[in-house]
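To start, the structure under review is shown below, and the notes come after it.
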Amino acid sequence: MRILIALAAALTVAGATTAAQAAAPAALAAPNISVANVQSHLSQFQSIASANGGNRAHGRPGYLASVNWVKSKLDAAGFTTRVQQFTSGGATGYNLIADYPGGDTGNVVMLGGHLDSVTAGPGINDNGSGSASLLEIALQMRATGFQPTKHVRFGWWGAEELGLVGSTYYVNSLATSDRSRIKAYLNFDMTGSPNAGYFVYSASGQPSGSLALQQRLQAGFTSLNVQTELTSVGGRSDHAAFARAGIPVGGTFTGAEGTKTSAQAQKWGGTAGQAFDRCYHRSCDTTSNINATALDRNADVIAYALWATAA
Ligand code: DPN
Ligand code: ZN
């Protein structure tokens, strides 16, 4: 699905064609993100887990293998990547940071999600889903020749499952000046839950500027004719450190161990009285534990929000 931004319409003043309108493209289109490509990245994460004792957890070989694989794809697409090391629970952890060349480095839009799984399983929905979607969107920036005004940076966080360790380490490692250059952070953690809900992070209680991000994500779902609910994810994912630093935050989520109500099942389909993700933090969080429609819609909404925010 493709989401169009009606820029030309917004520039039309009383039927007059302004110089700006004449120079602008008819519409700024975020690319339609191929869910098949996202699923192929998920298969890669599954293979990495299978070859490394069944998981991609902090301190286990499947985690570093995940970092190295994502990094190789980004390097080949011309991103500037770096691996940031930290220590947690006596093991070395890694964040992967990838900068898209160009844009105003004083005005940075950042997107991220955690790349580690729990030790119980391969972590395909949690959080292969967000990780794979962000990777595909990064690759499509390059493939479509997107040249945003703002600078775009991605983060794949380590040791989220140990208490948001990697993202917290990253934010704390930034000089005050670098922190103030980050104007928005968008987080994607679990975007393909099998019994999916469509949740957008609530801006309530978050730094000012978060409401615009919330509304942009809501608008993306509206254009796909998908109803959403707001959710307060609080300190349950990697946006928390950014919010504490005063950076506007937003994100989407398709649900974890919570139970879908009958009102939600009527709105979204799926099964009432059942968890959004029955395999949450379990060995069955494999490539079978993914709702391809939810994965697809969220990937398209992420792209929509990125193209609109960084333009
Ligand atoms: N942080 C997720 C996990 O890794 O377990 C769960 C979660 C994600 C909860 C997003 C709420 C919102
Ligand atoms: Zn988790």
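This is a predicted model, so every value here is computed, not measured. Remember, it's 1-based here, ligands and their atoms both numbered in the order they're listed. Heavy atoms only: backbone and side chains are in, while hydrogens, waters and symmetry mates are out.
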I need the nearest protein heavy-atom contact for [atom]: residue, atom name and distance, please.
atom: atom 11 (C) of ligand 1; result: F253 CZ, 3.5 Å
atom: atom 8 (C) of ligand 1; result: D189 OD2, 3.4 Å
atom: atom 12 (C) of ligand 1; result: V233 CG1, 3.2 Å

Decide whether the shortest distance between a heavy atom of N127 and an atom of ligand 1 is less than 4.0 Å.
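Contact check N127 vs ligand 1: negative.
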Any atom of ligand 1 sitting under 4.0 Å from a heavy atom of Y280?
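Judged by the 4.0 Å heavy-atom criterion, Y280 does count as contacting ligand 1.
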Answer side chain, backbone, both or neither: which part of T231 comes under 4.0 Å from ligand 1, heavy atoms only.
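It is neither; nothing of T231 touches ligand 1.
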What distance do [X] atom [atom1] and [Y] atom [atom2] have between them, rounded to the nearest 0.5 Å?
X: D126; Y: D285; atom1: CG; atom2: CG; answer: 6.0 Å
X: W156; Y: L135; atom1: CH2; atom2: CG; answer: 5.5 Å
X: D189; Y: S129; atom1: CG; atom2: OG; answer: 7.0 Å
X: L186; Y: R216; atom1: CG; atom2: CZ; answer: 8.5 Å

Taking atom types as modelled, is there a side-chain donor on N55 or T119 under 3.5 Å from an acceptor on the other?
no
Tell me whether the rings of H58 and F86 are parallel (<30°), tilted (30 to 60°) or perpendicular (>60°).
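Answer is parallel, since the angle falls under 30°.
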Name, closest N/O/S atom of H281 to the Zn ion (ligand 2):
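For H281, the N/O/S atom sitting closest to the Zn ion (ligand 2) is NE2.
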Among the N/O/S atoms of D126, which is closest to the Zn ion (ligand 2)? Give the atom name.
OD2
Go through ligand 1 atom by atom and flag the ones less than 4.0 Å from a non-hydrogen atom of D126.
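Under 4.0 Å from D126, ligand 1 has these atoms: 3 (C), 4 (O), 5 (O).
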Could you tell me if the ring centre of W268 sits under 6.0 Å from that of F199?
yes
Taking the six-membered ring for Trp, is the centroid-to-centroid distance between F45 and W69 below 6.0 Å?
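For F45 and W69, the ring centres are under 6.0 Å apart.
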Is there a polar contact, in the sense of an N or O pair closer than 3.5 Å, between Y201 and ligand 1?
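Y201 vs ligand 1: no N/O contact under 3.5 Å.
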Below 2.8 Å, can you find an N, O or S atom of E161 next to the Zn ion (ligand 2)?
yes
